[in-house]
Amino acid sequence: MPKTKKKGSGLNYKRTFLIGFGFMGCMLMWSVYNSYVPVIFRAKLTEITNGGEALPGILSVALLVNAIMTIDNIFGVIFQPYFGKRSDRTYTKWGKRMPYIIICLPICALFFSLIPVAATLKAGVLSIALMMAVIIFFNFTMSVWRSPVVSLMPDFTPSHLQSDANAVINIMGGIGQMIGFVVGTIATTLVGLLGFTSMQAALKAKTNTLGQILQTNADGSPVVKYATGFNPNLAEYKEHVENFIASGRDKLYFNGTSFSSSGDKAQLVAEKVAKTPVEYVNYTPIFVVAAVISVLCLVVLVIFYKRNKQYDLSKDLVIENKNGEKTKKIKIKDLPISKEERRSLLVMLAALFLINNATEAIVPNFTNFALDTLNVKPIYSTLMMAVFAVSLAAFGIPAGAMGRKLGRKKTIIIGLSVIVIMFIIYLAVSQFVTNRAFTWVVLWIALVVGGAAVGCININTLPLVLAIGGRDYVGTFTGYYYTATFSAAITGPILCGGLIGLFGEDYNYMFLFCAIMFAIGLGVITQVKHGESSKDEDTSWIDEAVENAD
């Protein structure tokens, strides 16, 4: 007689899928935020600083943009753990987590929608001030509900099923990211279907208010300068035109049109560029569409919770230290591990810091790189980021298998080696190969292969750190891991932005910065001597700890 499967013994995929709608809405807004906010801020800062010339000292537009993009990471370090712990001790008829999500997600979506609205103000300084205020409120409200929404899955899932459940949640988060990457195209199509043709045209503009003109310095080196504010009657204007003509550059891109820089036509082009008003691009439809989809995700989540709150396993859970007693933190020097293991831990944390400096620098700079170097508008360059994200997600399972078969450290080294090689190849091709089609082919290959390489790194770093500490110190070593990665998420964009600004706002230097950081990280991680697992060792606790940490 065949055995029947015990009811409720397996994961309820439908329920887990519905829980994932909250995380999907979260990741959707983040992907749009990281793709478009750097472009918007760069445009406004370029406008009010005359292309950065009005900024003092070592400050540059790229540095300021990247510094602004670290606000979410700073808020994440400060507020997310606090509200996550606070939700553990919240008891309402809507459970522990839902009050935070129901109240703060719509407020968060509202502030999110107002970011591009603030950018449309013509008063540049006022526009920047309002954008900063809106972004601060957006990041704060996001910090309030992000930890609770992530904690929903463990609340509804027995511990032995959480690894499978987390895979479903990550898939939903990935779907949210994918929607965020293509929402620009969705919004552009939508406003066109609704008859807002002028708004559709504005979304398709390529200059994004930058209005740049190429010219040369006295020593002949090419620079990019803001196009407006030139008076044709001034000697300075004539000098700009003469420099542009003398530069001998092949093309000038303006408002999405390519012009030749030879002969009399070059002078006409330069004059037209200098006289043409800056073209403002209003990204409001993109943000509004993303916000509406996120709120719809909340609606699905609320309906789900109302029907399934009886399955909330945490409602009767007794929380330790509920009187507010703080758990004593263990210093690395006090850990009961050997001197060699302690050294491996410190070296691994240093490598993590370096590696994440590189990965976190790409996020806020890619759309501006595509705009400048590839002449690709943000609504399409986000599709390129989607290819990278799909490759990273698709290689998650193979990367885990490689870690088990070849070893975690060796798999990480392979991933780092591959991505450094891809960066070097792209930099060489972009600088020395004039065939634009070939450069594009190399870039697409780099995006696909680079995504797989980063997967090899990301999948194996946390398990390696946890294995050094052992089962009894999972929480402590997870904390060390996130201290290193969150610190890098703050410093990486700032350091990269400083380098880009130092070399005349040339976003190609993003790849140089990342290649250097990855290469140093590769050298450092070779010195890690612990963290592998033997074939006979039970490592299921590591898998469970990693899933819970995610």
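Below, all heavy atoms of this structure are taken into account, side chains as well, without hydrogens, waters or symmetry copies. Numbering of residues begins at 1 and proceeds along the displayed sequence. Only a predicted model underlies this, so the values are computations on that prediction, with no experimental measurement involved.
When all heavy atoms are compared, the tightest approach of V524 to V347 is O-CG1, 3.2 Å. Smallest separation of non-hydrogen atoms from S381 and T367: OG-CG2, 3.5 Å. Counting all heavy atoms, side chain and backbone alike, L416 lies closest to L522 at CD1-CA, 3.7 Å. In this structure, V363 and M385 approach most closely via the heavy-atom pair O-CE, 4.5 Å. Nearest heavy atoms, I494 versus A67: CG1-CA, 3.9 Å. When every heavy atom of F181 is checked against every heavy atom of S35, the shortest pair comes out as CE2-OG, 3.9 Å.
Residues I179 and M24 meet the side-chain proximity criterion, which asks for heavy atoms closer than 4.5 Å. Side-chain contact between I101 and L152 is present, with at least one heavy-atom pair separated by less than 4.5 Å. Contact check for W30 versus D72: side-chain heavy atoms found under the 4.5 Å cut-off. The shortest side-chain heavy-atom distance between V528 and I525 falls under the 4.5 Å cut-off. The shortest distance between side-chain heavy atoms of I490 and I74 falls below 4.5 Å. Residues T461 and M348 have side chains in contact (heavy-atom distance under 4.5 Å, counting atoms from C-beta outward). At a threshold of 4.5 Å between non-hydrogen side-chain atoms, the residues Q80 and F75 do not count as touching. A heavy-atom distance below 4.5 Å is found between the side chains of F287 and I40.
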For the pair F366 and Y507, evaluate ring-ring contact (aromatic ring centres under 6.0 Å, His included) and give the outcome as yes or no after the intermediate values.
CA-CA 8 Å; F366 188 83; Y507 278 79; over 10 Å; no

Q) After noting the C-alpha distance and the side-chain angles of Y82 and F79, does the key distance pass the ring-ring contact (aromatic ring centres under 6.0 Å, His included) rule? A) CA-CA 5 Å; Y82 171 78; F79 296 113; 7.9 Å; no

For this session: Any chance you could lay out the side chain to side chain contact (heavy atoms under 4.5 Å, CB included) test for M422 and I445, step after step, and finish with the verdict?
Result: CA-CA 9 Å; M422 293 310 303; I445 293 173; 4.1 Å; yes

Could you go step by step and tell me if I421 and V418 meet the side chain to side chain contact (heavy atoms under 4.5 Å, CB included) rule? CA-CA 5 Å; I421 291 170; V418 169; 5.8 Å; no

Q.
Go through it in stages, so that I can follow the logic: the residues are W444 and V387, the test is side chain to side chain contact (heavy atoms under 4.5 Å, CB included), and I'd like the CA-CA distance, side-chain angles, deciding distance and then a yes or no.
A. CA-CA 8 Å; W444 281 109; V387 170; 3.5 Å; yes

For this session: Apply the test side chain to side chain contact (heavy atoms under 4.5 Å, CB included) to residues S391 and L447: give CA-CA distance (whole Å), side-chain angles for both, the deciding distance (0.1 Å), then the verdict.
Result: CA-CA 8 Å; S391 174; L447 288 169; over 6 Å; no

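In F486, the CZ atom is crowded: over 12 heavy atoms of neighbouring residues, nucleotides or ligands sit closer than 6.0 Å.
Applying the side-chain hydrogen bond (donor to acceptor under 3.5 Å, both in side chains) test to D506 and every residue at least two apart in sequence or in another chain returns N508. Applying the ring-ring contact (aromatic ring centres under 6.0 Å, His included) rule to F388 yields no partners; only residues at least two apart in sequence or on another chain are considered. Take F21 and apply the ring-ring contact (aromatic ring centres under 6.0 Å, His included) test, not counting sequence neighbours, and it matches F17. When the ring-ring contact (aromatic ring centres under 6.0 Å, His included) test is applied to F503, the partners found at least two apart in sequence or on another chain are Y509.
Put simply, CD1 on I457 and CG on L352 are 10.5 Å apart, with the number rounded to the nearest 0.5 Å. Rounding to the nearest 0.5 angstrom, the gap separating the CG atom in L406 from the CD1 atom in I414 is 5.5 Å. With rounding to the nearest 0.5 Å, the separation of CE in M131 from CZ in F138 is 13.0 Å. For the atom pair I71 CD1 and M69 CE, the distance stands at 9.0 Å (nearest 0.5 Å). One distance of note links OG1 of T485 with CG of L349; it measures 9.5 Å at 0.5 Å rounding. Expressed to the nearest 0.5 Å, how far CE of M29 lies from SG of C297 amounts to 9.0 Å.
Looking only at distances, no side-chain donor or acceptor of T70 sits under 3.5 Å from a matching main-chain atom of N73. Distance alone, capped at 3.5 Å, is enough to place a donor-acceptor pair between the T411 side chain and the M402 backbone. A distance-only check finds no donor-acceptor pair linking the side chain of K409 to the backbone of K529 [under 3.5 Å].
Identified under the side chain to side chain donor-acceptor pair (under 3.5 Å) test for residues 349-365, with sequence neighbours left out: N66-N365, N357-T491. Sorted by first and then second residue, the side chain to side chain donor-acceptor pair (under 3.5 Å) pairs involving residues 138-147 (not counting sequence neighbours) are Y33-N139.
Between Y305 and F156, the ring planes lie perpendicular to each other; the angle is over 60°, past the 30° to 60° tilted range. Using bins of under 30°, 30° to 60° and over 60° for the plane-to-plane angle, the ring pair F111/F137 lands in the parallel bin.
Ion pair R97/D155 flagged as a salt bridge, since at least one NZ, NE, NH1 or NH2 atom sits closer than 4.0 Å to an Asp/Glu carboxylate oxygen.
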